[in-house]
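To start, the structure under review is shown below, and the notes come after it.
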Protein chains: 2
Amino acid sequence: MAARLRDVAERAGVSIRTVSNVVNGYATVSRQKRERVEAAVSELGYRPNVIARSLKHGRSGLIALMVPELDVAYFAELARAVVTTAREYGYTVVVDQTDGEPDRERELIMRDGSANLFDGVILSPLAMSQTDLAERDATSPLVLLGERIVDSGYDHVAIDNVAAAQLATNHLIELGRTRIAAIGDQPYETGETAQLRTRGYEQAHQQHGREVDRSLVVPTRQFHFADGTEAMEQLLKRPGGPPDAVFCYNDLLALGAIRVLLAAGLRVPEDVAVVGFDDIEAGRYNTPSLTTVAPDKRAIARLAVERLVARLGGEVDDAPVELWADYELIVRESTVGR
Amino acid sequence: MAARLRDVAERAGVSIRTVSNVVNGYATVSRQKRERVEAAVSELGYRPNVIARSLKHGRSGLIALMVPELDVAYFAELARAVVTTAREYGYTVVVDQTDGEPDRERELIMRDGSANLFDGVILSPLAMSQTDLAERDATSPLVLLGERIVDSGYDHVAIDNVAAAQLATNHLIELGRTRIAAIGDQPYETGETAQLRTRGYEQAHQQHGREVDRSLVVPTRQFHFADGTEAMEQLLKRPGGPPDAVFCYNDLLALGAIRVLLAAGLRVPEDVAVVGFDDIEAGRYNTPSLTTVAPDKRAIARLAVERLVARLGGEVDDAPVELWADYELIVRESTVGR
DNA sequence: GCAGCAAATTTCAACGTTGCAAAGCCTAGC
DNA sequence: GCTAGGCTTTGCAACGTTGAAATTTGCTGC
């Protein structure tokens, strides 16, 4: 059995409270007793019981990070950053997966399955609507990542998706490409990210006085490799020939698309230039390496964690804020060749 | 403030214990009182306090999964499987990263930072030695993944690395390749995986009556993309010309290596065939797609979680066991072309 | 109408810790 | 020698829950 304060106290011949004082560095403890206690602590291998402390303090030191899928590179990288940053602030992160299922996401966040276990929640929502969130009756603070849910009532960290998508599309336009496809639209989803990126794509066209060819905007169900290959196969089948550039709403879509292009005997970027989004590591080592919009994931993680910690510490109780992280376009071989 | 049993009890006009009984479905509660309590529960939005329960029960329902790096695809995929399986058994997973630093790993596992918080630990060790583990004085059960640490005293789940590596190498030999390089050896590390794979590589050669050319066995510091590119660059610089096949000890190394090969104007697989290890998703969509040894990650996760749960339930207290998961060679374009 | 028994409900204590406040000890000062 | 005041140490209660046992209630049968 694990040693308790009481066991240490008995062994050292002092009261429980004194042991607690020593362990926590509280109050003034005489050198003599302190040493006796410390000896007993190490002899018994005493470790404070975190659960009991949590109960006493009313906080657990745990924050939940809810992401759709842990094995999607973007979320894995984000999770790593969150875990690392949270550790700096003395918090432990529990990563939960919504498995890409809106219902499961809703259930997790609404019911807050482990109520009173987590001090706070960071949610990278897939399909939460404003209504959904308004109904949330959990007690812990929540910070949203990525999706912007207007008037959600919660703090929100994101990048400017419209501007970022516009930047990516502009890059393609400036390379002289004229038939620029977009892969990843989700016009009917509650999730807003895809729609914002489509808007950026359209704005870039307008900015250059171009018409948007709606037949080049291909929706996908999800943002996985397979959706990218499927979308690109569709594009290649359409009349009018292949596009000469593609803006994909994330890197997985882009890598999937590239695979199909190469398999079809098209060259990237000579025949078709491809831009992705997220800057996952695999894109850097692909051949051709992937031009992409790189959100500053560490900044996103940091902003989210710090905001949450601030709320937990009661340092802020004002209205929810929008926090913006940086991003940049990283130009690689998939648009400019070697 | 969150509602407590007491609040519900007052509202429903019953004792705390009765509310507890209703909430837990215990004992026999009259329909009348049950309904009153249920009404009060939903009016107050009562949720059991998990921490208090944990304290009472002496278990938290949390298990820790320690992996070197969460954003390395193999570990992310493994983590996903562990999280999913653990959920089936009512456990929540806390993913911790050792950041690829042996010292940090040692500290985490030895001191068990959050003592008495986790009911059990699943560790994918990077560099724990037998001595390290013997000194562990934590109380919670531990299951090891991957690395086999002889006589560690802990349950262990893995695949047969020697046989798997042999299978991969045999595949290359049977394709008629004669200068087969190996990337990823770590002769001086405590971690054993690399050494086992090297042994499999050697055994395949012996089996076919071939000499192993030690100059084709390239060690790497880690198992990342960058280590793969670096190793392949070295190989290409060596006298004797490029190898005609490479067995990489994981997929990241392989993808890194392929990139360097293609950049050097070599064709994969025509000039150099490449095999990886892990079957990460990115390998499937690479061009050329990656032939690889696919450990059954779900089985690994399941075996580990189930073993841990069994220990926690006190169903086993016998000697630690070795559990073996399946694996298979998945042949793709990087060795047989299209 | 009441013993006898089962069902329903409650009381009490405990899980291991810490906040609070009181108690004990010691030294300095007169 | 006694007291004030500071330093050190301690006891008690509480965080929210549940196990065990005690108590109350309700019912059956005679």
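In what follows, chains carry the letters A, B, and so on, assigned in the order in which the sequence lines appear, proteins first and then strands, with residues in each chain numbered from 1. We use all heavy atoms of the structure for the numbers below, so side chains are in, but hydrogens, waters and symmetry mates are not.
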- May I ask you to decide whether E10(A) forms a salt bridge with R6(A), counting only side-chain N to carboxylate O separations under 4.0 Å?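 Not counted as a salt bridge, because no side-chain N and carboxylate O are separated by less than 4.0 Å.
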- Query: With the threshold set at 4.0 Å, does a side-chain nitrogen-carboxylate oxygen contact exist between R87(A) and D99(B)?
  - Reply: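 Judged by the 4.0 Å cut-off on N to carboxylate O distance, R87(A) and D99(B) do form a salt bridge.
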- Message: V93(A) and side-chain contact (heavy atoms from CB on, under 4.5 Å): which single residue from I63(A), T84(A), L62(A), T85(A) fits?
- Response: I63(A)
How long is the line joining [atom1] of [X] and [atom2] of [N], in whole Å?
X	N	atom1	atom2	answer
L55(B)	dT17(C)	CG	P	9 Å
R59(B)	dT17(D)	CZ	P	17 Å
I16(A)	dC12(D)	CD1	P	12 Å
L5(B)	dA13(C)	CG	P	19 Å
N49(B)	dG16(C)	CG	P	17 Å
E10(A)	dT10(D)	CD	P	13 Å
K56(B)	dT18(D)	NZ	P	9 Å
R47(B)	dT17(D)	CZ	P	13 Å

- Query: Looking at five pairs on each end of the helix from dG1(C)-dC30(D) to dC30(C)-dG1(D), what is the angle between the two axes, given to 10 degrees?
  - Reply: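 End-to-end axis angle: 60°.
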- Task: Identify which nucleotide among dT10(C), dT9(C), dT17(C) has an atom closest to any side-chain atom of V14(B), counting heavy atoms from C-beta outward.
- Result: dT10(C)
- Query: dT18(D), dT17(D), dC15(C): which one has an atom nearest the side-chain heavy atoms of N24(B)?
  - Reply: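 The listed nucleotide nearest to N24(B)'s side chain is dT18(D).
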- Please tell me which of S15(B) and R17(A) maps to the more 5' nucleotide of DNA chain C, matching each residue to the nucleotide holding its nearest heavy atom. S15(B)
- Item | Residue closer to the 5' end of DNA chain C, H57(A) versus R6(A) (nearest nucleotide) |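 So the residue in question is R6(A).
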- Message: Over all strands shown, is R53(B) touching base, sugar-phosphate only, or nothing at heavy-atom distances under 4.0 angstrom?
- Response: sugar-phosphate
- Item | Touch class at under 4.0 angstrom, heavy-atom based, for T18(B) against every strand present | base
- Message: Does N49(A) form a side chain to side chain donor-acceptor pair (under 3.5 Å) with R53(A)? I'd like the steps, not just the answer.
- Response: CA-CA 6 Å; N49(A) 181 316; R53(A) 273 192 184 163; over 6 Å; no
